[in-house]
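Everything quoted here is computed from the prediction, not taken from an experiment.
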Amino acid sequence: MRLARIGNAGEERPVVVADDGTYLDLSAVTGDIDGAFLAGGGLDRARAALGTLPRLDVPAGTRIGAPVANIGKIVCIGQNYARHAAESGAEPPSEPIVFLKAADTVVGPDDDVRIPKASVKTDYEVELAVVIGTAARYLDSPADAGAHIAGYAVSNDVSEREFQLERLGQWDKGKNCETFNPLGPWLVTADGLDVPALRLRSWVNGQARQDEVASDMIFDVAHLVWYVSQFMVLHPGDVINTGTPAGVAMGLPGQPYLRAGDVMELEIEGLGRQRQTLRDHTA
């Protein structure tokens, strides 16, 4: 099942995306797709209502919002693909590298991304996002993780490398600029999804940049959910960005960082596609 939120920012309507790409109105089931919906059996209610949900007549060009509202926190995993760790000049980590990204960085999958003031090293990162469905705290083993996952989405962990790596302190300064986490277009429920086979790809101005499968992760999804639950409570609606494959600008010859007017496109097979235009911070 594919869930989405469509409409102007702050006015999104919850929908189910049918197999033919049309939208089914979910408003009779829930006011929004958020942690309360996920924790309160909302996915089961949505499935049960599928045969009765009315189709929406959606004008072309209607904005798609992030598929989850009121996210509490975004937990990010660094250097979780061996080739990306190598292009970053690091050895593969012996345990997950964890940092946090503020929820107010989240925008829709096709919304513009603003290059921060004084930035010269803005970078892209296609990532598999895990959306938490029920609270996870001190899980006993990775085998317990699946029961706490609502589904998956495409995430772009946009980063400013100078702020992140050259300005001292933690990575947070390069990760939390406004618009730095496009998410969506869909929340795809976990049932029947072959997560290790998911293919992550990105392009800049039509040029292919990243291309790996989720099975290339050093630490898989189940391990990450279990691991993070040892240090913080994962609440319904929280998101884990599971790391990016090799091919980011930082690791390429000439380091082709993003500039105003560039276009990022990101895709994970089965989870949808994003497209963002880079704008100056004043735009």
Side-chain angles (χ1 to χ4, degrees), residues 73-102 105-106 113-116 118-130 153-177 179-183 195-196 198-205 207-221 223-225 227-228 231 239-259 262 264-268 274 276 278:
K73 60 179 172 289
I74 304 167
V75 183
C76 299
I77 308 300
Q79 299 177 358
N80 195 30
Y81 289 76
R83 291 203 300 124
H84 175 58
E87 72 178 355
S88 303
E91 294 294 325
S94 58
E95 61 180 290
I97 297 170
V98 176
F99 60 95
L100 295 178
K101 196 163 193 173
T105 61
V106 172
V113 169
R114 294 183 181 180
I115 295 178
S119 168
V120 294
K121 294 184 178 180
T122 296
D123 209 346
Y124 51 88
E125 294 190 10
V126 61
E127 303 202 10
L128 174 65
V130 179
V154 183
S155 186
N156 187 357
D157 178 21
V158 186
S159 306
E160 212 298 340
R161 301 302 188 187
E162 180 187 6
F163 299 175
Q164 176 189 355
L165 302 172
E166 302 173 33
R167 298 292 296 271
L168 302 182
Q170 303 299 313
W171 288 2
D172 294 13
K173 287 183 287 188
K175 295 288 187 173
N176 283 281
C177 306
T179 72
F180 262 30
N181 205 128
L183 187 68
V195 174
L198 294 176
R199 185 181 181 187
L200 295 79
R201 292 186 289 175
S202 70
W203 300 259
V204 176
N205 299 329
Q207 180 182 13
R209 293 289 176 85
Q210 296 174 278
D211 190 349
E212 289 196 53
V213 292
S215 60
D216 290 336
M217 288 182 189
I218 298 169
F219 305 103
D220 65 16
V221 166
H223 185 96
L224 293 174
V225 174
Y227 182 86
V228 172
F231 303 97
V239 172
I240 300 177
N241 285 344
T242 58
T244 198
V248 298
M250 177 177 64
L252 293 177
Q255 296 187 322
Y257 290 112
L258 299 165
R259 299 289 184 264
D262 286 346
M264 297 180 285
E265 295 177 273
L266 303 91
E267 182 179 71
I268 301 179
Q274 303 183 348
Q276 303 104 32
L278 278 296

>> How close do Glu95 and Phe219 get, counting heavy atoms only, and between which atoms?
In response: CA-CZ, 3.4 Å
> What closest approach, in Å, do Ala118 and Glu162 show between heavy atoms, and which atom pair accounts for it?
Replying inline: O-OE1, 4.4 Å
> So, for Val113 and Pro182, which heavy atoms are closest and what is the spacing to 0.1 Å?
Replying inline: CG2-CG, 3.8 Å
> Picking from Val221, Leu224, Val228, Val75, what satisfies side chain to side chain contact (heavy atoms under 4.5 Å, CB included) with Val130?
Replying inline: Val221
> Is the backbone of Ala86 close enough, under 3.5 Å, to the side chain of Glu91 for a donor and an acceptor to pair up by distance?
Replying inline: no
> Yes or no on side chain to side chain contact (heavy atoms under 4.5 Å, CB included) for Ile77 and Ile97, after CA distance, side-chain angles and deciding distance?
Replying inline: CA-CA 5 Å; Ile77 308 300; Ile97 297 170; 5.6 Å; no
> If you measure from OG1 on Thr242 to CG on Asn80, what distance do you get to the nearest 0.5 Å?
Replying inline: 6.5 Å
> Rounded to the nearest 0.5 Å, how far apart are CE of Met250 and OG of Ser159?
Replying inline: 8.0 Å
>> Among residues at least two apart in sequence or on other chains, which ones pass salt bridge (charged side-chain N to carboxylate O under 4.0 Å, His left out) with Asp157?
In response: Lys101, Lys175
>> Rounded at 0.5 Å granularity, tell me how far CG in Asn181 sits from OG1 in Thr105.
In response: 4.5 Å
> CG of Asp262 to OH of Tyr257: how many Å apart, nearest 0.5 Å?
Replying inline: 14.0 Å
>> Using every non-hydrogen atom in the two residues, find where Pro92 and Ile218 come nearest and quote the distance to one decimal.
In response: CB-CD1, 3.9 Å
> Are side-chain heavy atoms of Gln210 and Leu200 found at a separation under 4.5 Å?
Replying inline: no
>> Consider side chain to side chain contact (heavy atoms under 4.5 Å, CB included). Of Leu183, Leu266, Val239, which one does Ser155 pass it with?
In response: Leu183
> Side chains of Tyr124 and Arg209: is there a donor and an acceptor less than 3.5 Å apart?
Replying inline: yes
>> Any donor-acceptor pair under 3.5 Å linking the side-chain atoms of Asn156 with those of Gln274?
In response: no
> Just wondering, do Val158 and Thr179 contact through their side chains at under 4.5 Å, heavy atoms?
Replying inline: no
> How many angstroms lie between atom CG of Leu168 and atom NZ of Lys173, to the nearest 0.5 angstrom?
Replying inline: 6.0 Å
>> Contact between Val213 and Leu198 at the side-chain level, heavy atoms closer than 4.5 Å - yes or no?
In response: no
>> Could you go through Gln164 and Asp123, starting from their C-alpha distance and side-chain angles, then the distance that decides it, and tell me whether this counts as side chain to side chain contact (heavy atoms under 4.5 Å, CB included)?
In response: CA-CA 11 Å; Gln164 176 189 355; Asp123 209 346; over 6 Å; no
> Should the ring pair Tyr227 and Phe231 be called parallel, tilted or perpendicular, given that the plane angle runs from 0 to 90° and is split at 30 and 60?
Replying inline: tilted
>> For a side chain to side chain contact (heavy atoms under 4.5 Å, CB included) check, start with the C-alpha distance between Lys121 and Leu165, then their side-chain angles and the critical distance, and finish with the verdict.
In response: CA-CA 10 Å; Lys121 294 184 178 180; Leu165 302 172; over 6 Å; no
>> Quick check: closest heavy atoms across Ala246 and Glu87, and the distance to 0.1 Å?
In response: CA-OE2, 3.3 Å
> Side-chain contact, heavy-atom cut-off 4.5 Å: Thr244 with Tyr81?
Replying inline: no
> Between Arg161 and Glu125, does a salt bridge (charged side-chain N to carboxylate O under 4.0 Å, His left out) hold up when you go through it step by step?
Replying inline: CA-CA 12 Å; Arg161 301 302 188 187; Glu125 294 190 10; 2.6 Å; yes
> Between CZ of Arg199 and CD of Glu212, what distance do you get to the nearest 0.5 Å?
Replying inline: 11.0 Å
>> Just so I know, are the side chains of Pro245 and Val126 near enough to count as touching, which here means a heavy-atom distance under 4.5 Å?
In response: yes
> So Val154 and Glu267, side chain to side chain contact (heavy atoms under 4.5 Å, CB included) or not? Walk me through it.
Replying inline: CA-CA 7 Å; Val154 183; Glu267 182 179 71; over 6 Å; no
> Do Cys177 and Phe163 have side-chain heavy atoms sitting under 4.5 Å apart?
Replying inline: yes
> Side-chain contact, heavy-atom cut-off 4.5 Å: Asp220 with Pro196?
Replying inline: no
>> Within the 4.5 Å heavy-atom criterion, are Phe180 and Pro116 side-chain neighbours or not?
In response: yes
